[in-house]
Structure formats: C-alpha cells, structure tokens
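Reviewing the structure listed below.
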Amino acid sequence: MKEIYRLSDLRSWKKSAKQPVRLGVFGDPVAHSLSPQMQNAALKQSKIDMQYGRFQVASGELSEAVELCRKHDFVGLNLTVPHKVAALELVDDLDPEARQIGAVNTIAIRDGRLVGFNTDSAGFARALRSEFSIDLRDLRVLLLGAGGAARAIAAQCARAQSERLAIAARDVEKAEALVNTVRGSFTGPRVLGPVARLEAVPWSESALRSQLEHTDLVVNATPIGLQPNDAEVLPVTLLQPHLFVFDTVYAAHPTRLVKNAREAGARAIDGLPMLLQQGARAFEIWFQGEAPIEVMRQALESASR
Ligand code: NDP
C-alpha cells in the first residue's frame with residue numbers, strides 16, 4: 001500500500017488481490033491524518049480483508065475521485081478539510097443528521113449508491129461522555145469557531161438541549177449565522193443569570209472573559225494549535241479551574257491549549273478521543289456492526305506519540 005494516493009492512482013486503479021484498498025480518507029492536506037492507522041487496526045482486528053488508504057485530493061478533483069471510488073467498488077470514504085460541504089452535492093442520499101449539519105464527513109457506498117453521513121457530532125458527544133463523564137444537556141457551552149466542526153458541535157448541543165450555547169468567531173456574522181441554524185432548539189429560558197441562552201459573541205478578550213463566567217465547557221473548533229507557532233487559543237489568564245476544555249485539534253498530544261488548561265487546574269482533552277469516536281461511528285456505518293474501539297484507541301495513541 002502507498003503512503004499517499006492521488007487522483008492519478010485512482011484513474012489507473014488496479015485491484016490488489018491481497019488486502020485491497022476499499023476505504024480511505026480524502027483531504028488537502030491529508031498527510032497528517034491518523035485515520036488510516038486507526039481504521040486499518042480495526043479492519044485487521046475484525047478480520048476484514050481490506051485496507052484503508054490516504055488520498056491527497058484537491059477541491060477540483062473531489063467529484064471525479066468519488067466517482068472513481070464508486071466504480072472501483074469501494075465500501076466507504078471519510079472526508080476532511082476542505083471537502084465536507086462540497087460532498088453534500090455529490091451523494092445520492094443524505095442522512096438527516098448530515099443534512100441538518102450541512103456537512104458530510106463519511107460516505108458509505110451501498111449497492112452502488114453514495115450515502116452521506118456526518119459522524120463528527122456523535123464523535124464529539126461520545127468523547128465528552130467517555131473522557132469527562134458529563135452530558136451536554138447539563139452544560140453551558142462556549143464554542144470557538146463557526147466552520148464545519150463547529151456546525152456539527154452546535155447541532156449536537158441543540159439536539160442535547162444544552163443549558164446554554166455561546167458561539168464566538170472572529171467574523172461575528174458567521175457566529176450569528178450558525179446561531180440562527182439552531183435557534184429553534186433554544187427557545188426556553190433555562191439558564192439563570194444575566195445572559196441569553198443562545199448568543200453570538202465577538203472574538204475579543206473582554207467578550208470571551210465575560211462569557212467564561214457563564215460557561216462550563218469551552219470547545220476549540222478552530223484550527224488554532226495545528227501549527228507549532230500558532231498563537232494561544234485563549235489567553236492563559238482566562239483559563240479557570242471550574243472549566244472543562246475540549247480542544248478538537250490533535251496535532252500535538254496534548255495540545256498547548258490542553259496543557260495550559262490543565263496547568264490552570266481545569267479538566268482538558270485534545271481532539272484524539274473525538275477522532276476515535278467519529279471513526280468508530282464511521283466503521284459502524286460501513287460494516288453495520290460494532291467497532292473494535294480499544295484496538296482503534298491503541299493504534300491512535302501509538303501513531304500520535
Ligand atoms: P473550517 O475551516 O470549516 O472552520 C474553521 C473555523 O475556525 C472557522 O470558523 C474559522 O474562521 C476559524 N478560524 C480559523 N483560524 C482562526 C483564527 N486564527 N482565529 C479565530 N478563528 C479562526 O475547519 P473545520 O471546522 O473543519 O475544522 C476545524 C478544526 O477542527 C480542525 O483544525 C480540525 O483539527 C478539528 N477537527 C477535529 C476533529 C476530530 O475528530 N478531532 C473532527 C473535525 C475537525 P473563518 O471562517 O473566519 O476563517
């Protein structure tokens with residue numbers, strides 16, 4: 001198996017008799033993805049004679065690459081940046097959750113039909129439960145970012161009827177647009193105190209500081225922290241011991257935000273548990289059975305060391 005496949009490989013695809021590649025992740029960039037290590041461990045453990053590959057696919061190549069996978073009898077795909085929204089238009093059928101979120105991160109190919117799912121929201125909720133033993137329903141959430149991952153997380157907060165949800169984005173209009181997609185789920189006045197149950201927040205230190213007084217869980221759904229020289233997601237002085245901090249980034253293990261939060265006495269996790277749980281959900285969708293989650297967790301832990 002190649003380290004990275006490209007569209008040209010799919011155009012001249014030859015099925016390998018031994019452990020054929022019939023699953024994969026499409027992204028640009030994709031080299032950093034840990035999904036192949038995790039899914040290949042799961043396939044081996046489940047004695048499924050297939051492999052999961054890593055595919056460098058640019059935006060303009062997505063449609064042809066997906067069609068070639070259909071033609072070559074693939075079982076499924078994962079999509080990462082920048083393909084999750086574009087994939088909405090490429091699938092034949094859309095799971096209601098993916099439609100509501102407005103992004104597809106998993107495709108199942110069933111009887112030649114492409115079915116689009118989003119497993120990021122379930123991955124987020126499962127990771128929260130498994131790592132913090134808490135439920136979104138009880139929480140006041142401050143969500144940083146308003147892109148694809150944030151959409152899945154906001155939808156999950158809406159479904160779980162979180163106590164409150166504040167969404168901060170550097171372009172506050174994007175935060176407002178995301179707030180509007182979940183407004184129908186936050187109608188009751190559940191939260192006590194001088195704050196709205198649902199609101200968009202500008203990305204400024206003073207606005208974030210006052211939000212954090214009414215927050216239990218902070219979620220970083222921006223890519224800040226992916227690069228070693230990135231700025232702090234939040235100034236260290238804003239991190240308080242009462243907070244749960246969930247960083248969706250998993251470039252470092254732990255990330256700088258997680259390290260700072262733990263030093264401030266808060267409980268914090270990086271994006272690996274979410275990656276694990278969204279991948280386990282994708283495996284369940286493809287093979288309609290349980291995913292070997294412990295083997296997947298071990299594969300991820302050793303790949304991220
Ligand atoms: P998108 O590009 O769709 O969204 C990124 C968001 O972050 C946008 O709101 C963007 O704002 C904002 N943003 C980017 N840079 C900055 C900055 N310097 N300051 C403030 N805001 C910023 O990406 P995704 O939502 O798909 O992914 C976001 C992150 O989530 C990724 O880094 C990935 O690591 C992580 N992720 C993790 C998963 C997991 O399983 N652990 C699953 C999915 C995602 P703007 O619109 O203004 O550019």
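Order of listing sets the numbers, starting from 1, for every ligand and every atom in it. The shown structure was predicted, so the numbers you read here are calculated from the model rather than taken from an experiment.
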**Request:** Kindly state each residue pair satisfying side-chain hydrogen bond (donor to acceptor under 3.5 Å, both in side chains) with at least one member in residues 233-243, sequence neighbours excluded.
**Result:** none
**Derivation of the side-chain contact (heavy atoms from CB on, under 4.5 Å) call for L7 and L68** = CA-CA 9 Å; L7 179 61; L68 286 167; 3.9 Å; yes
**Pair listing, side-chain hydrogen bond (donor to acceptor under 3.5 Å, both in side chains) test, anchored in residues 276-292, at least two apart** = N105-Q278, T119-Q278, R126-E284, R281-E284
**Request:** Classify the angle between the aromatic ring planes of F124 and F246 as parallel (below 30°), tilted (30 to 60°) or perpendicular (above 60°).
**Result:** tilted
**Message:** Do the side chains of R11 and E64 get close enough for a salt bridge, i.e. N-O under 4.0 angstrom?
**Reply:** yes
**Request:** Quick one: which residue pairs count as a salt bridge (charged side-chain N to carboxylate O under 4.0 Å, His left out) with a foot in residues 97-118, not counting sequence neighbours?
**Result:** D93-R113, E97-R159
If you look at each N/O of ligand 1, which protein N/O atoms lie under 3.5 Å away, and at what distance?
residue  : atom   : partner : partner atom : Å
ligand 1 : 3 (O)  : G148    : N            : 2.9
ligand 1 : 9 (O)  : A146    : N            : 2.9
ligand 1 : 9 (O)  : G147    : N            : 3.3
ligand 1 : 25 (O) : G148    : N            : 3.1
ligand 1 : 25 (O) : A149    : N            : 2.7
ligand 1 : 30 (O) : T248    : OG1          : 3.1
ligand 1 : 40 (O) : L275    : N            : 3.2
ligand 1 : 41 (N) : T248    : O            : 3.1
ligand 1 : 41 (N) : G271    : O            : 2.9
ligand 1 : 46 (O) : K174    : NZ           : 2.8
ligand 1 : 47 (O) : R170    : NE           : 3.0
ligand 1 : 48 (O) : R170    : NH2          : 2.9

